[in-house]
2 protein chains.
Amino acid sequence: MASDAQPTPVSAKQPVTLREVAALAGVSVATASKALNGQGRMTAETRTRIRETAQRLGFRPNSLAQSLLRRRSFTVGLLTNDTYGRFSLPLMAGVSDALVDAGVSVFLCNVEDDPRLAQLHVDAMLDKRVDGIIATGKRIDRHLPVDLANLGIPAIYAFTQPDPGAIAFVSDDAGGARLAVEHFCRLGRRRIAHVSGPASFAVVHARAEAYRAVLAENGLPVMEPLLGPWSEAWGHEAVAKLFDGEGFDGTREKPDAVFCGNDQIARGVIDALRERGIGVPDEVGVIGFDNWQIVAEATRPPLTSVDMNLAALGREAGLALLSLVGGEPALPGIRKLPCRLVVRQSCGRPPDG
Amino acid sequence: MASDAQPTPVSAKQPVTLREVAALAGVSVATASKALNGQGRMTAETRTRIRETAQRLGFRPNSLAQSLLRRRSFTVGLLTNDTYGRFSLPLMAGVSDALVDAGVSVFLCNVEDDPRLAQLHVDAMLDKRVDGIIATGKRIDRHLPVDLANLGIPAIYAFTQPDPGAIAFVSDDAGGARLAVEHFCRLGRRRIAHVSGPASFAVVHARAEAYRAVLAENGLPVMEPLLGPWSEAWGHEAVAKLFDGEGFDGTREKPDAVFCGNDQIARGVIDALRERGIGVPDEVGVIGFDNWQIVAEATRPPLTSVDMNLAALGREAGLALLSLVGGEPALPGIRKLPCRLVVRQSCGRPPDG
DNA sequence: TCCCTCTGAGAAAACCTTTTCCCAAATCGC
DNA sequence: GCGATTTGGGAAAAGGTTTTCTCAGAGGGA
């Protein structure tokens, strides 16, 4: 059939087994296995002959058989309830990146918020003997609808509420807010407002706390954060409240900076300011949160925003799971990963730029 | 240890094997297997005793062992190069949905546009004996950087360029464009412009063709489509060209409708029209493409848009792969799935609404 | 020459389940 | 009561790999 000096292996319809390699090389499967894995003792000649035979046949070991024997499948499950969201994408990419380098494949499990579906997926993962599970979500303060605590395999939580005693990676929202507000301070802004999302989100409070703290540290007036939906429309509305209302801190002064809870709100704020003829960033600086690139770059002017480094967060989670699977001990707890400020043009330039 | 009338099985650290079930039930593994699978012949009493034992121990068969034996892993690989995009998400969710119902798990393979990475993933899938592969992308007219043709397992393409002789599911872009333009016609719009993406995209031409065809069928003037980047900024620019330029079809008449190649362009168009004081939808109707919900709902007024039904497309792809894996024959070729028009407020109400 | 040690390689068990074949006991027909 | 069939259940192979144990032969020392 195939010429016997074939350089590239034919991709066989039926995968070639170790037994076939061994037969063709004239040795036992045991010897063939050892030759290919660098184990055992044999003549160099035997080893290379077996290796060449394997190469020629395009032999690749059956992972299923290996996994069965080793009790390690080099596979993990990735649970998410953020199917349509933009948070899970970079997160998943980060996880996947970290794992593919270690030869570990990732099962994608979209569980929505359905406990039945979640349990279905978890059971399937367990049956397929995944080495571990990573749980990710769209909200830091919400549980996935399934318990991952006593599965007998390690679990890591990323950007979702962990079970007690587990290991979780989340963004440092307070730190991110600090980054934004301190940047405004450095730029000389004095009346910094905060427009954020619904009070039911934990991150809203974390960011608001940090906002207050930084202003206090800098001796600047604090305006009670304006809370509403995570939408452009709310950004518009908030501008009306900020600029038609009582003004800042009881005085009649208007804000010269707005720190927004996400980029959609920021987009609404910027559009509303423009419609009022208020210059951004000259009269009012705006900073968003999430660094949703496609939105941040489409605002006029392009939006400065806090990036949660979700891909990096995913990487960390992946690496942590790997080390857990490898048997290394790790302390439970929540690890907050720093955000970074992506400066574009909506906040103004540094004075000594 | 555990009380022997335990209703919910303890999730054992070490998964319990069939051998243990058999031992506890006082039968051989063969009998135990047959009892649980409804095979073989035995007393009803024996069968229920074995089943209850399995239940009590929380026995779940090891998929690895089953797969090894059956030569079927109930697992498929999902290749994508659209990590950060919004197209792959609904697509992947659709695929996942279709497969999870059949008890099939999905390996997520993010290959970017890196042939090395793609080959790495494909090899890993093959080693893990996936039953099939689904290839998805962010562009209908681009290949994934790897050849899926002679792998010995079935492959289905969804929203990406297939290998010749393969089965692919794509959106019917021409049909989608038809939907939009015909809707404008029904609403009585007479001077319908088309602002779309770069000429390097196949869909741009498909949609432009359909645009021309519908206008011709209705005896309406055709304006050469305006091509540019897929961005809001281009939408702004295009409005300038449309409303400052020569006007429609050589006359000085301005468009009363704009069909846009995606929702971002449409958003730019609507914003630009508002800034010029041109009423949407009263003076000019606007329809977008992609139905990117978060954008479409944030425009003022909310954007009517063509939806490619990507989740349904993913479902179809998943089901097709399943039937291929099941051994059912299928004709190669490209299946175009219909789009649907999601009517919001940017296009105006039907005359006899 | 004899005994011991090393070397190269194979046999077999293990991982866990499914399935085919087989066997002993029980039942049936007459 | 005897041969034929059915019934209930077990033994073993298969799936592909890894690893431990074993063993035959070769070489070395005395």
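- Between B:Glu316 and B:Leu337, the closest side-chain pair of non-hydrogen atoms falls below 4.5 Å.
- Rounded to whole angstrom, the span from the CG atom of A:Asp127 across to the C1' atom of C:dT17 amounts to 13 Å.
- Among the nucleotides D:dT20, D:dT18, D:dG15, the one closest to the side chain of B:Arg71 is D:dG15.
- Between the CZ atom of A:Arg129 and the P atom of D:dT17 there is a distance of 20 Å, given to the nearest Å.
- Between the C1' atom of D:dT17 and the CZ atom of A:Arg72 lies a distance of 17 Å, rounded to the nearest Å.
- Distances were taken from every side-chain heavy atom of A:Leu18 (C-beta onward) to each of C:dT17, D:dT17, D:dG10; the shortest belongs to D:dT17.
- One atom, CG of A:Leu36, and another, P of D:dT17, lie 10 Å apart when rounded to the nearest Å.
- For B:Asp123 and B:Gln119, the side-chain atoms include at least one donor-acceptor pair closer than 3.5 Å.
- In this structure, B:Asn62 atom CG and D:dA14 atom P are separated by 21 Å, rounded to whole Å.
- Considering only the side chain of B:Leu68, D:dG15 comes nearest among D:dG15, D:dT17, C:dT18.
- Comparing D:dG15, D:dT19, C:dC21 by their nearest atom to the side chain of A:Arg19 picks out D:dG15.
- Interface residues of residues 42-53 of chain B facing DNA chain D, ordered by number: B:Met42, B:Thr43, B:Thr46; criterion, heavy-atom separation under 4.0 Å.
- Counting to the nearest Å, the P atom of C:dC15 and the CG atom of B:Leu69 are 17 Å from each other.
- Using the six-membered ring where Trp is involved, B:Phe159 and B:Phe87 have ring planes that are tilted, between 30° and 60° apart.
- Side-chain atoms of B:Arg41 lie closest to D:dT7 of the nucleotides D:dT17, D:dT7, C:dT17.
- Within the 4.0 Å cut-off from OP1 or OP2 of C:dT18, at least one side-chain nitrogen or oxygen of B:Gln66 is found.
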Run the numbers on B:Asn110 and A:Asp97 for side-chain contact (heavy atoms from CB on, under 4.5 Å), then give the verdict.
-> CA-CA 8 Å; B:Asn110 165 33; A:Asp97 276 5; 4.0 Å; yes

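- Within 4.0 Å (heavy atoms only), B:Thr17 reaches sugar-phosphate atoms of the nucleic acid but no base atom.
- Minimum interatomic distance between B:Asp113 and B:Pro115 (heavy atoms only, all atoms of both residues): O-CD, 3.4 Å.
- A straight line from CD of A:Gln14 to P of D:dG15 spans 11 Å, rounded to a whole angstrom.
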For the pair A:Arg49 and A:Glu45, evaluate salt bridge (charged side-chain N to carboxylate O under 4.0 Å, His left out) and give the outcome as yes or no after the intermediate values.
-> CA-CA 6 Å; A:Arg49 174 163 46 90; A:Glu45 190 275 328; 3.4 Å; yes

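- Taking every side-chain heavy atom of A:Ala30 into account, C:dG10 is the closest of C:dC16, D:dA11, C:dG10.
- In this structure, CG of B:Leu64 is placed 9 Å from C1' of C:dC15, rounded to the nearest angstrom.
- A:Lys34 contributes no side-chain N or O that forms a donor-acceptor pair with the base of C:dG8 under 3.5 Å.
- A donor-acceptor contact under 3.5 angstrom links the side chains of A:Asp82 and A:Ser88, judged on distance only.
- OP1 or OP2 of C:dG10 sits under 4.0 Å from a side-chain N or O of A:Ser28.
- Between B:Asn37 and A:Gly26, the one whose closest nucleotide on DNA chain C sits nearer the 5' end is A:Gly26.
- Within 6.0 Å of NZ on A:Lys138 lie more than 12 heavy atoms contributed by other residues, nucleotides or ligands.
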